[in-house]
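The structure under discussion appears below in the form of structure tokens.
Throughout, a chain's letter reflects where its sequence line sits, starting with A, and its residues are numbered from 1.
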Protein chains: 2
Amino acid sequence: MANLTLRDVARAAGVHSGTVSRALNPATRDRVSPETVRRIDKAVRELGYTPNPIARSLRTSKSHTVGVVIPDLTNPLFPPMVRGIESVLDEYGYSPLIVSTDDDPEREATHISALLARQVDGLIVGTARLGDTTFDELAARGTRIALINRRAADSGLDSVTADDDTGMSLLIHHLATLGHRRLLCLAGPRNTSTAVARLRGFHSAVRAEGLDDDAQLVVECASWTAAEGAARFAEALDGGTPFTAVVAATDLVAMGCYDVMAERGLSCPDDMSIAGFNDMPFVNRLAPPLTTVAVPQYEIGREGAQMLMAALGQQEHMPRTVLLPVTLTVRGSTGAPGGHRER
Amino acid sequence: MANLTLRDVARAAGVHSGTVSRALNPATRDRVSPETVRRIDKAVRELGYTPNPIARSLRTSKSHTVGVVIPDLTNPLFPPMVRGIESVLDEYGYSPLIVSTDDDPEREATHISALLARQVDGLIVGTARLGDTTFDELAARGTRIALINRRAADSGLDSVTADDDTGMSLLIHHLATLGHRRLLCLAGPRNTSTAVARLRGFHSAVRAEGLDDDAQLVVECASWTAAEGAARFAEALDGGTPFTAVVAATDLVAMGCYDVMAERGLSCPDDMSIAGFNDMPFVNRLAPPLTTVAVPQYEIGREGAQMLMAALGQQEHMPRTVLLPVTLTVRGSTGAPGGHRER
DNA sequence: TTGTAGGCGTTATCAC
DNA sequence: GTGATAACGCCTACAA
């Protein structure tokens, strides 16, 4: 049942294979007589024929395959995005080829070459770095690309990200309302649009709320990891500059702060409020549950995939920059400064 | 630079395209003179030629692609397995096509048809159900299959799972040592090998440790979810049969128990010890950190992929059943029964 | 409306 | 050791 070809169907239906091809292709189906279509459909069903997509790809030079480039599948932030991507690709008859780069430019380059060699029709990229022109160059050479989660500075690429700016103001406003005046910002790596946008949002919100705007209160993390968050947070605690709350660039970074708090016997939020960003799965189960900005991960994936599908259809294409709305999710990790509970 | 073919290289090197093909294929490389090989390699490099895998696939009818069928990518148990799979497929020049079935047989069937239509060379399956002959039938028709995470009863399929039996005895022994005599077992769906193995392990360990072997103390969960775990655990609490510890089939099920404890103002482990299974990422960060049996998720993926790669090489193939070792990870969720701390 | 035939880029089987 | 040639299964002008 596996190796049937158009010719087998043609023979069974008493027509030529070219006719079968036309009858099976929705675009050309109406160019063949209804009667013949019926006979062909019947033969297809009886034989259990399925077209060979590889032969089709060779002929049409479209693989119906897209590369999905993310930092790390084991980071809980990404599986929801991937499932979002999968859900729209399914609708279009495309399949994702997923690679994890571990945010290593070399791994990324290797994987992208491999994807291109496999003739993917486009790329959905979650690893863009500012100042890196890799994807612009690929796009210039005709590769269709949609950026998700991160953008690349004023490159003419389709992108969909969360509205980090708004998220930050919501969060800072929440902390200001609780009475915090000095917030430590653990920013992400400055070569990512996400980190830059969140940092900019932090600054403008701090000013808007009239909080202390102290350069000492902003620290850059070299990576989006708990370990890095822990290291930078510990340094800040030891540094002497006072603060009563931490705004972490990412939930993972916030988790690093939790670790340091535990090590030092400090209690959150009584001794220190901690907030994250993304609302990654399971952060509602941390102790305490993490206050964070919820980013629509699944929708980011869907929207990115949709953009790419749209771009594949068109010849020339006006790039779009989509910002998806976020919501503040207040949980137990933020409270009034110095707000020790009765014991 | 993209659409170069063998003929372009051949022209540049002054040979025939057939010769280039031979020179580029490691298996036939020695059938062409070293001097010619050099010229061809040079041309390849200068032109930046990459072979078209689609044309190759059409000719050889091997896609160098494998389908990876898992229940749900957003379940943190699976990304490590997928990365394990990816790591060995990489070595062999294969790419994974990943699908999530949500443990829905219909979705599974659809996805598998799609994968086969895409001409995958084999399947790595993490969704096998006992009594389901889908995969045996596929295997009988020549599809190469490796089962991971779950097996299918005495089907002659390659499989790699954790040593659930040993894991259970370690865990039960730990609880017995703490002084527990009545353990609630929240078993998984009985149509999965994993649930059956863990349940069998539970029974034999309970007997071996001389604990109470009460049929009331075993409850089946219909799915591997926190919600299901919560529902069954709540029922058991209300049921009147006493127990001092819970052995959950899975960390996710254990998390459901945490939820019920919190709702009812009960404290773990003081009022009730809770243990999970798998050591999923992040369960060390729950409150309290979860005692569980650590399953080598990454290695399961690697081993499964390795098996499949081996099977693809051979004509007839002796199926293997691999059991990977597990370790007990004791954390804060288990303690002596009724062991309230001083306040 | 349907048949014919050429070719997508490779590999493999022949000869030479 | 190398060249010529025929598929692999499909699509698509072009003819009829």
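Residues from residues 26-38 of chain A that place a heavy atom under 4.0 Å from any atom of DNA chain D: there are none.
No side-chain donor from either of T161(A) and R150(A) sits under 3.5 Å from a side-chain acceptor of the other.
Listed by chain and number, the residues in a ring pair (Phe, Tyr, Trp, His ring centres under 6.0 Å) with F135(A) amount to none (sequence neighbours excluded). With sequence neighbours left out, H111(A) forms a ring pair (Phe, Tyr, Trp, His ring centres under 6.0 Å) with no residue at all.
Each of T60(B) and H16(B) lies near DNA chain D, and the nucleotide nearest H16(B) is the one positioned closer to the 5' end. Across the interface with DNA chain C, nearest-nucleotide mapping of I54(B) and G18(B) shows I54(B) to be the residue nearer the 5′ end.
Here T5(A) lies in heavy-atom contact (under 4.0 Å) with sugar-phosphate atoms only. Looking at heavy-atom distances under 4.0 Å, R7(B) makes no contact with the nucleic acid at all. Among the atoms of the strands shown, only primed sugar atoms or phosphate atoms (P, OP1, OP2) are found under 4.0 Å from some heavy atom of P51(A).
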Less than 3.5 Å apart, which donor and acceptor atoms pair up between the side chains of residues 70-81 of chain B and the rest of the protein, not counting sequence neighbours?
unit_1, atom_1, unit_2, atom_2, d
D72(B), OD1, R83(A), NH1, 2.8
D72(B), OD1, T74(B), N, 2.9
D72(B), OD1, T74(B), OG1, 2.9
D72(B), OD2, T74(B), OG1, 2.7
N75(B), OD1, L77(B), N, 3.0

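Residue pairs meeting the salt bridge (Lys or Arg N to Asp or Glu O under 4.0 Å) criterion with at least one member in residues 124-134 of chain B, sequence neighbours excluded, are E108(B)-R129(B), R129(B)-D132(B). Residue pairs meeting the side-chain hydrogen bond (donor to acceptor under 3.5 Å, both in side chains) criterion with at least one member in residues 12-22 of chain A: none, sequence neighbours excluded.
Contact between the side-chain N/O atoms of T19(B) and the OP1/OP2 oxygens of dG3(D) is found at a separation under 4.0 Å.
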